[in-house]
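Just so it is clear, the structure is predicted and the values come from calculations on it, not from any experiment.
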Amino acid sequence: MRFSSLLLAPALALAGPVLQPVFDDTPDPTKIQISGVAWSGNGCPQGTVSTSISSDRTVVTFGFDAFQTYIGPGLPVTERSKNCQLHLTLAYPGGFQFAVVESTYHGYAILEKGVTGTFYSTYYFSQDAGSTTTTRTTITGGGVWAQGQVYTKQDQIPTASVIWSPCGATGNLNINNRIGLTSTNASAYGSITDDDATVAFTQQMNLQWRPC
């Protein structure tokens, strides 16, 4: 926000150029703190997740090496669905809020005809667990997917559904990710996993800020 020179006294206006104060509506990146990261779920046992934070602390990247699902003859039913919930503790300047506006996931899928894979992501703050946004991406097996393909799941959360944190406090952001496989063909196989069993999915969360 800038103060208009029209608001200055006429005498000052005649005195020549006047320096105008500028107020930035975005927080100082050095004050944004991601103070804690944790995870839980059968898709991300302890010791199987890596994390990194960008230098401006606006992007968090997670790497998973055990977030894998399988379906097919002889495979346990428990392998058909896995979930991993991410828990982020974030401290931010008073007078500002942030919201998750975009998340990107990468993985590998091999799905024979009759097998369907669905990837759900639910976003919410612990302080307001009743306000959630859930996205869903579905892959139908057969065709190119029967041979195996890399895929990308990119969430574009509509503005009306954005979940904002509380103002001027520590926010606990949760992202519950779940992958499920179903099949209409009892003899078909399918999996959604990382090909080399090192990193199955990579997630990048971009944080957008607004004044309270």
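Remark: the backbone N or O of Phe67 is not paired with any side-chain donor or acceptor of Lys82 at under 3.5 angstrom.
Looking at Arg178 and Ser81, their side chains come closer than 4.5 Å, going by heavy atoms from C-beta outward. Taking 4.5 Å as the limit, every side-chain heavy atom of Ile192 sits out of range of all side-chain heavy atoms of Phe119.
Checked against side chain to side chain contact (heavy atoms under 4.5 Å, CB included), Ser183 has the following partners two or more places apart in sequence or in another chain: Ile71, Val115, Asn185, Ala188. Residues that satisfy the side chain to side chain donor-acceptor pair (under 3.5 Å) test with Ser131, not counting sequence neighbours, are Asp128. Legend: residues meeting side chain to side chain contact (heavy atoms under 4.5 Å, CB included) with Pro76, ordered by chain and number and at least two apart, are Thr78, Glu79. Residues forming a side chain to side chain donor-acceptor pair (under 3.5 Å) with Tyr124 (at least two apart in sequence, or on another chain): Gln85. Thr182 is linked by a side chain to side chain donor-acceptor pair (under 3.5 Å) to nothing, counting only residues two or more places apart in sequence or in another chain. Listed by chain and number, the residues in a side chain to side chain donor-acceptor pair (under 3.5 Å) with Ser126 are Asn174 (sequence neighbours excluded).
Separating the CD1 atom in Ile179 from the SG atom in Cys84 is a distance of 9.5 Å, to the nearest 0.5 Å. Going from atom OG of Ser191 over to atom CD of Glu112 covers 9.5 Å, rounded to the nearest 0.5 Å.
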Got a list of side-chain donor-acceptor pairs under 3.5 Å for residues 40-47, not counting sequence neighbours?
unit_1	atom_1	unit_2	atom_2	d
Ser40	OG	His87	NE2	2.9
Asn42	OD1	Asn83	N	2.9
Gln46	NE2	Trp39	O	3.3

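Evaluation of the salt bridge (Lys or Arg N to Asp or Glu O under 4.0 Å) test over residues 142-153, restricted to residues two or more places apart or in two chains, returns Lys153-Asp155.
No path of Ile, Leu, Val, Met, Phe, Trp and Tyr side chains, each step under 4.5 Å between heavy atoms, connects Val77 with Leu181, placing them in separate hydrophobic clusters. No chain of hydrophobic side-chain contacts below 4.5 Å, direct or via other Ile, Leu, Val, Met, Phe, Trp or Tyr residues, connects Tyr105 to Tyr120.
Across all non-hydrogen atoms, the minimal contact from Gly117 to Leu111 is N-CD1, 4.1 Å.
By the 30° and 60° cut-offs, the orientation of the rings of Phe64 relative to Phe62 is parallel.
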Give the intermediate values and the outcome of side-chain hydrogen bond (donor to acceptor under 3.5 Å, both in side chains) for residues Tyr151 and Gln149.
-> CA-CA 6 Å; Tyr151 71 88; Gln149 294 286 322; over 6 Å; no

